[in-house]
Amino acid sequence: MPLALKTAASPSDAGGSAPFNYFLHSHGPASAPTLYLGWVLAAICAAVCVLIAGLLAYAIWRRRAASERDVIGDPGRSLRWIGIGTALSTVVLCGLAAYALTVLAEVGAPPRAAALSIAVTGYDWWWRIDYGDGAQRFSTANELHIPVGVPVRVRLDSADVIHAFWVPQLAGKTQMIPGVSNEQWLQADAPGLYRGECTQFCGAQHAHMAFDVIAQSPADFAAWRERQQRGAAPPSPDIAAHSTPSPDIAARPTSSPDIAARPAPSPDMLAQSAPSGADASQRLSIAGQALFMDRCAGCHTVRGSEARGEHGPDLTHLLDRRMLGAGLLTNTAAHRIDWVARVQSYKPGARMPDIALSAADRADLGAYLDTLQ
Amino acid sequence: MPTSPSADRNAPALMRVPERGRADAALKRRLQAIWEAPPGWRGFLSTVDHKTIGLRYLVTAFIFLLLGGVEALLMRVQLAGPNGTLLTPEQYNQLFTMHGVTMIFLYSLPMLSGFSNYLWPLLIGSRDMAFPRLNALSYWVFLFAGLLLYASFSLGAGPDAGWFNYVPFSGREFSPGPNADVYAMGMLLLGVSTTVGSVNFIVTLFRMRAPGMSINRVPILVWGTLTASVANLLAIPAVSLAFFLLWMDRQVGTHFFDVAAGGKPLLWQHLFWIFGHPWVYAVVLPAMGIVSDGLPTFCRRPLVGYSAVALSTMATMLLGFEVWIHHMFATGLPNLALSFFGAASMVISIPSAVTVFAWIATIWLGKPVFKTPFLFFAGFVLLFVMGGVSGVMTAAVPLDWQLNETYFVVAHLHYVLLGINVFPVIGGIHYWFPKFSGRMMHERLGAWSFWVMFIGFNIGFFPMHISGLLGMPRRIYTYAADSGWSTANLVTTLGSFLFAFGILMFIANVVWSWRRGAVAGDNPWQAPTLEWSIPSPPPAYNFAVIPSIESRYPLWEDMLDETPQRSELDEGLLLTQGRETIGSTALDALPDVILKMPGDAYSPFYLALFMTGALVGLLLHAWWLAAAMTLACAASLVCWMWPSASLLQRLPIVVDTEAGGA
Amino acid sequence: MNDTAVLNVVAPESAARDSIALDTPLPVGSAGKLSSGWFGLIALIVTEAALFGYLLFAYFYLYAQNRAAWPPDGLPDLRIPVINTALLLGSSVLAWLAERAVKRGRRTAALVWTGMAFIAGTLFALMQLGEWHKKTYDLTSHVYGSLYFTITGFHLAHVVVGLGILLLLMAWIAFGYIEQRRHAAFTIGVMYWHFVDAVWLAVFTSLYLTPYLFGGLS
């Protein structure tokens, strides 16, 4: 029912002209009742303003008999009008309060049990997303994937200060308070990209702490999840040859299952197994991997390798993401390397320092990062 | 050895019948000599004249308004387009914090304190406030707090974690610099200033009214300030405590907000908003009182529904203590609790509705006089309603889960704060300027400045509703070009500069008119209340005779002719044996004591200085300085409280020489 | 004007009745509970009571939110706090007796009672400091320690101010400033002392008695 009233902006385009507009767009039952509540309240409030403006204008400019004395006394029965106006306002307010409470009951909890539970942890100034538990666990950053049409529970924690999680077109916002686990739910009824942002002042780069929610068909979501659960493939010819991933999120090349979670092969092994025409890019990416372990692994994790750092986002499937830096840059090869070398000029105050890279380093690291699909 | 105070005929009488009569020129000269402050620096530091203190408050608060405005305009330039580069994130964070702190604490209440300080004794027929020295103290502490905050700001050490200063961000781990400590010390000082000011207002209202001014005859400004003062007594300790506990966590190592040790960040939010919400009513109720008292003059009729308005004032303030959780709807509290506070937040607008209809009825049944004050008061009614309804929208809990922390709330709070505080204040300045200065403000320039301000304000702040509904969060130093917020922000920036220009026009008007305005008589507006029965500007003693009051509008009694009784303004209590005024009962204002008022004193200035010194010592970790200053405070207080014979706090000691001593 | 007779403060209702008569003598200056200072103190008590209210709110809020044992070192030992409560209650009674003596013009008795109230208050302070010394934790050990020392510390600070006031009152009695006809300062000072006592009852109940009520452990 709600879908019929959506405006023209397609939910699958990357936001459209006003990607955070929750007043006109709602794409799920966690926010649709609120959408209507907003319209009703806005209409009534606007009507009240117009009415009062009219009363005020009339009161000021109405024609008055010249015979009225200079200073007028007894208000007569006009006190009744204050009573009537107040009584009307009270009735309207009570009605609105009741309506608001019914909407609260509707959006405050999902209509049925959540099909999926995701843990989101707020960091200065990025989002860690954890799926599953036990052996099936995996982490990603700054981008949530959810299946369409089912309620999803999001558990919200903070690693440092108070943040707030908000996907305007899907649900209301909830604070992420250190020491407290909050929860909310959301549901997307159409596949597409929904943008989110931090909405609690959290420091220097609060302005640059955005995230994406990608709603996919159940099949696509399952495929994505399964891909994410695998560790990174070591730099090998087939993978190193791929170019930057397309923004089309529908189709993805699938890696063969037996590459899962293998330790990175030594350079000798690869040199033996690679065909003699193996690209320079493969050598670069191996060198890049070594550079990565040296300079980046202290903060970043790449599952399937020795990098196990916990201070920054998990980079196992870096190329899978639309944006870098929590919504700051598009995820291209050039941006990836530029981010590493000049993060402070993009996001001054970010916890990640600028990493000094020579031209050779850039090529190496870039090639390695290109393998993190 | 002192003997007990005797029945020496030189000893002052502990009881006497207060003298009545009319005031002639000689009496007025005598009163002037008794009440005026010494000239020059001595008078500047020691005066306790409530009118001088009131004007100081007005001027100082207005300067802070301008500073806060400059901070805002800098932010607006930064936000006029996407990816702004004028300000770094750190600069922006200090600016938005200082803007909030300045407007909310250094401007909005002190401005209203200025009006109340100046006007209250004149409105209730008294010669002074209940505690003249405490009055001076509250101003000096306010000034020193503002200087501390701005001196630190100029060194880059001003508060920078938002005016609401949430932990853990404002804790030592994430804000290692001195900024949050400066904020804490500034707030402790401001808490003292506001508290002692509130005590002064409450006791003055209940004890110092002219005979016959029963509680249902006092002007609504008095009701508004009284209600706000009672609320402040109960609310300010919450924020003072919050800042003190934060300082302790940061500097002493306690764990109130320290998550790892069992502390709770939400405790900060509770304490802060338990104070914060009543505070916003404290900064608007007196301003609403200004309109309730000013509108009748320009509608040539009494306020319609006086009792309803007075009761609504108190009801609003009372309900204001029950709604603080609406600042915390998104914190994950149980939905049942949120329902209660959401419903209360909607219901709180009902008393406001009463007041709005009362104002409209007053205009409707009156004959509007289109002078500048009327423009501000009438425009205010519309802005009040616009701000109020956006508040009703945020009171709906699920909708607030969308609106909270977006520019929609920024729009709401500016409509209520500028609409309900600034516009009445500026109208009030136009209204009482003749009384303060003896001159009229320029009428044409005043009207023009109103329209520029009104139009500029709406162009500036209405689009914030839009950018909020488009999802723009608060407290961001820039935004991306593809977010859809650029147009609304540009319009807001342009509108705010237009509004600022209107403020400049107003300042020019004040400056020009202070010396060159048309000379005003006692009552240029033919207004009804007591302050217009004395000269403009008033003499140091306010009333040469203490009047007896028979109605709410003493100067309109002949014209209204509602009852045969008339207030007696020309003949009354003289009370010329030193600085004296009458004390009366709380409800009916029956005289019950002749109060002796303290003269000019330096102790308030010194006490304020030592208090500030003690807190600066804590800031700098100079414990010896803090201890020495605390002792100095104690010494000042002892001097202040020392029983004085001239105030008849004790009887003068007479040595009985004939008895040969002991 | 005859003021040799001892005149108590005239109750306001009997001064000027139906209309504004203004022909009966009124007290002049700081006349006991008609003085501005008395009302000022009432207002001060309201705001200070609110401050302690918020302190105890913080205590109960953190208590309710903490899973750990509360207090961490087990149920509080009540011996010193009960003695302290008796000391403060006693000193309030002594102060009340002092005020009664002042009203009856008995300066020496007033001085003695006030001095005894001062001693009782000082003993309270010393015993409180002793109790602090015996604790195995301090302000910075854990959240309970922070709360315990801050709350009792705020109260102790008010006691110290009260002791200073009692000393001043004794000095003023000695100087002859406090006497039968004019003693507003004494009434006001003693009322502050009663307030400090009342706050202690709230602090004592909250910190020492409620753990027994709530079972001591969560």
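A, B, ... follow the sequence lines: proteins, then strands. Residue 1 opens every chain.
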Which bit of [X] is near chain B, if near means a heavy-atom gap under 4.5 Å: side chain, backbone, both or neither?
X        : answer
A/Asn21  : both
A/Cys94  : neither
A/Ala42  : both
A/Ile84  : neither
A/Thr174 : both
A/Ile82  : both
A/Ala164 : neither
A/Leu104 : both
A/Cys49  : both

Practice task
Can you label the angle between the A/His27 ring and the A/Tyr194 ring as parallel, tilted or perpendicular, going by 30° and 60°?
Solution key: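 Ring orientation, 0 to 90° scale: tilted.
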Handout entry: Basic-acidic side-chain contact under 4.0 Å: A/Asp160, A/Arg351
Key =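 The answer is no: the pair does not qualify as a salt bridge.
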Handout entry: SB check A/Arg153 A/Glu183 (cutoff 4.0 Å)
Key =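 Judged by the 4.0 Å cut-off on N to carboxylate O distance, A/Arg153 and A/Glu183 do form a salt bridge.
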Problem - Contacting moiety of B/Gln94, where chain A heavy atoms sit under 4.5 Å - result: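 Neither part.
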